[in-house]
Every structure is written in structure tokens, then in C-alpha cells.
Number of protein chains: 2
Amino acid sequence: MSGNKDSDFKNPLFTVDSVLFTVIDKELKVLLVKRASEPYIGCWALPGGFLDIDIDHSADMTALRKLKEKTNVAPQYLEQLHTYSGLARDPRGYSVTLVYYALTSAVEASTHIETVDDAKWVSIEELDILPIAFDHKHIIEHAQQRLKQKALYSMVPIYCLPELFTIGQFKSVLEAILGKPVQRKTIIRRIDAADILEKVDEKIKSGGRLAHLYKVKPNVDIVNFERNLSY
Amino acid sequence: MSGNKDSDFKNPLFTVDSVLFTVIDKELKVLLVKRASEPYIGCWALPGGFLDIDIDHSADMTALRKLKEKTNVAPQYLEQLHTYSGLARDPRGYSVTLVYYALTSAVEASTHIETVDDAKWVSIEELDILPIAFDHKHIIEHAQQRLKQKALYSMVPIYCLPELFTIGQFKSVLEAILGKPVQRKTIIRRIDAADILEKVDEKIKSGGRLAHLYKVKPNVDIVNFERNLSY
DNA sequence: CAAATAGTGTCTTTAAGACACTATGCC
DNA sequence: GGCATAGTGTCTTAAAGACACTATTTG
């Protein structure tokens, strides 16, 4: 029953946050911003904020808008993770936070991030030594787990890559996400089966033999495979 | 950034709804309740309502509480589906609804439902001919799709079954969810591999040879398989 | 030529699909 | 016995893992 007569409820505060991932130097990174106000002032937190009903057609817009403020670009992939709620998560009172997870290519987003000092890419290991606000460390772990799962059965990790990329780069991204080696052969087979990438008529140097460049075909959907990579 | 100083935003109305599934007579059914007030008075809608910050420790509690009001039992399985938001979904204004999907065994829930006339099990085909409130038809389709996906790679459909059940019943549930036949052999292999069910020392008649009864082992987690059933 | 990375060939392994077969209960 | 459902055996098929092999580029 969406909505009732009796809307004179204490309505909880509703916010939207995002866990934006990318892979830099074969390491999985998360975008965090430094809090400028209490509580948790000076701590690092997920980018996000209040849904503005006048400009955000939906919560997706809120997530994109807040991410754009920090990175100056829209992430290549955005999906809802979970909605967290309760009294204990924020000292100011009962809160409800819709969290997204998102993927972007490092090159596009990083130019802008490097110019500001209240936002940075944080590697997963760094999370243990940085002060993280609210329950955001827990949320990031949850998001990482979900991304890992998604990497096992879909092509979504390509959205951590720039428009043109090589199989070797894709392999690095997958290995950063999964935390374990992946066979080149398996990746090639999946690229073949998914049929959502096309070879670009261009090659790039990579330390050895020149590598083919690939890009995502226009207007393709996410493809799920019937079989996972092994855990 | 969960929360800010400036909480003087027009906060959207936040509600929690659930898509409760079960399988009755080899048909997938959804629990709907008849709306008693405007808008969409007399139409059928998903059970749900406002989060009560005084009694709901989290949104999960809201979903469970509202479902218990209608069925008198807690569903065996509950998971977040998606959060829907926007201006167009409710004529009264901008709304944000966290939707869960849930599974229950028909026998436990149905006794109570049959005593009230504002709640009933609706089969998926019936959705086209019943008047459905808000965007709930779309939400149910989304939930059904997700349940289907989940049935391909996990054991969650067992939560549509009573405590003790046979492989034949499990097969019926799977087939109702997937809308296509499934091999008994495949189910048996999965039960074996998942190792979360145990044979009960009891058999039940089923029209032919007596069937073994199974139950879920205590304190087991959801198991995901590395390979899907085929689409 | 050596080192490095790109890309192929192919054998093994795992788990599902298909389907024939046996088993057991009720009429 | 005959029907219906339970349950097994086993061959086929699909796709990942392992890994050796060839190809191409730079130094």
C-alpha cells in the first residue's frame, strides 16, 4: 500500500549514497569524500546526499548528480545495492539510505578528482587504516562482495575500462575485482559468447606484441552467463 | 554523505511494500490487498505501509510487520528487490518506496488469508484483468523476473514449501516459478551438491510410490551454484 | 636473439540436459 | 497386472580450467 491517509508519521531522513568503483594500477579503488561537517567531521564517507524532489526525477538522478559533483562525469554503470535503515547508523537519529554501486573508467573520472582535496580514490586495503564515517565501511564491503559476484557471471567489469581497451586490461580489472588470477582464454571465450564487444581496427603497444583494441557495441544490454567463473 | 546540516529539504514520503510469492496448485501467486482509501480505492495493491521509527528497528521489520498483519506469519524468505522513486508513481506527490520480495509456504499463510476479504492470492495471469494500484503491476513483474533468476542458480524456491516436502513438490514449485519443465534428476543433483537438506525418516503418499520427505537443515545459508539452469 | 605480452589449440573437468531404466505403492 | 509417481544410471553437451604452443613487437 504505497501511501495512506495517515501520513502524519515521523518520517525518517532519506538520503542516497554511492559506492563508485574503478581499477587503478591493478587495484580496486573506491571514491570517498572528506566530511566537512559534524558528525564524523574530517572522516571519509561515500559521496551522496539528499534527494531533491525538484530536480531529481528519481533516486538514480540523485546518485548521478552527486557523483558528477565529485568526478565531473557520469559513471558508466550504476545499479542499486541496498537500502540501509535504522537508528544506530547515524547519531542524529533514524536514517534511511539508498545505496548504489557504480563503475567508471579511471582515466575519465580522475582528472577532476585530482584537482580537489576533499575527494580521492581509496584502495580496499586502505579502508582499514582510514577513518570511515557512519557504517560506510560495512557498506563498501557489501558492495565489493556484490561486484565480485557480478564479475563471476557478467561482463559488467568492462565499465571500469575506458572506451577502447585490450583483453589484457580487461584481465587486470577482473583480477583486481576477484582477487585471483583469471585465464586469458576464459575471458576471450566470454567476449566471444557475449557478443557485445567489437574489435576496433587499431592496435596498441603493451610491452610485447601489439594488442587488439575492443569497444562495447552500441545499444547492447548487460549479458549474464549461465555459468560462473569459479570462486 | 549520509545526512547533512541542511535537512530542511522537502523530504519525500517513504514507504515499504512487499511482493509475497507462493505456489498453490502448481501456479505462482502473489499476495495482494484491497485498498480501502483513495487513491485507487478498491484496487488491489501490494501489502505495505509507512516505516514506524518507534517500532521498526529497520525497514526489514516494516516489511515483516505489514506481512504479518495480512498473513499472521513471517515469510520464510525476505530480500530487498528495489527502491522505486519519482513524481509519477503516486498522484499525491513524490514518493519513495522500498520494495521487498518474499516467499512463504502456502499452507501456513493461507489459513489466515482465507478469513479476510481484503487480502488474497492472485495468480500472475490474473494481474492482467484485475485493477492494480499505482505502479504495482510493474513492480510485481520485476519481482517475478528476479525470483526466476534466483531460481536458476540457488535453492531459495524451497522457501515456497512447507517444512517437510518431497522432491516432486520442489519440482512443481520450480516449474511454476520458471514456467518451464525441469528434470527431476537435476533437482536431485542440486539437493545433493548444496548439502542443505536432510532426508526425514518418513515417507508420504503421492499417487505412486511413496516419496521421501526432506527438510532444511538448521542454520544453513543460502547456497548459490556455479552454473545456472538453462533459460 | 631474449623478454614480454598477445593470442590459439586442445585436453580435462564439472555440472546440466535427455532419457531409458528400475522401484514401489495403490487400484 | 497396470498405472502413477519415485528414484537411478549413464550418455551427451556446454563451458570453464589448465597449460603448452605459436605470433609479434621492442630492445
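Naming convention: chains lettered A, B, ... in sequence-line order (proteins, then strands); numbering from 1 in each chain. No experiment lies behind these values; they were computed from the predicted model shown.
Map A/Lys203 and A/Glu226 each onto its nearest nucleotide of DNA chain D; the residue landing nearer the 5' end is A/Glu226. Judged by closest nucleotide on DNA chain C, A/His212 is the one of A/His212 and B/Leu229 placed further toward the 5' end.
For A/Lys66 and A/Asp17, the salt-bridge test fails: no basic side-chain N is under 4.0 Å from an acidic carboxylate O.
A heavy-atom distance below 4.0 Å to DNA chain C is reached by these residues of residues 150-184 of chain B, ordered by number: B/Gln183. Non-hydrogen atoms lying under 4.0 Å from DNA chain C are contributed by A/Arg189, all within residues 189-202 of chain A.
The residue B/Lys205 sits apart from the nucleic acid: no heavy atom pair falls under 4.0 Å.
For the pair A/Asn228 CG and D/dA14 C1', the computed distance is 14 Å after rounding to whole Å. The CG-P distance, from B/Asn224 to C/dT14, rounds to 20 Å in whole Å. When rounded to the nearest whole Å, the span between CG of B/Leu210 and P of C/dG25 equals 5 Å.
With 3.5 Å as the limit, one finds a donor-acceptor pair spanning the side chains of B/Thr83 and A/Thr83.
If you check C/dT8, D/dA6, D/dA16 against the side chain of A/Arg227, the one that comes closest is D/dA16. Residue A/Lys185 places its side chain closer to C/dG9 than to any other of C/dA6, C/dA16, C/dG9.
Contact annotation: A/Ser230 reaches the phosphate of D/dG17 (side-chain N/O to OP1 or OP2, under 4.0 Å). Close to D/dG17, at under 4.0 Å from its OP1 or OP2, lies a side-chain N or O of A/Thr186.
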Please list, one pair per line, the donor and acceptor atoms closer than 3.5 Å that link side chains of residues 214-230 of chain B to other protein atoms, with sequence neighbours excluded.
residue  : atom : partner  : partner atom : Å
B/Lys217 : NZ   : B/Asp195 : OD1          : 3.0

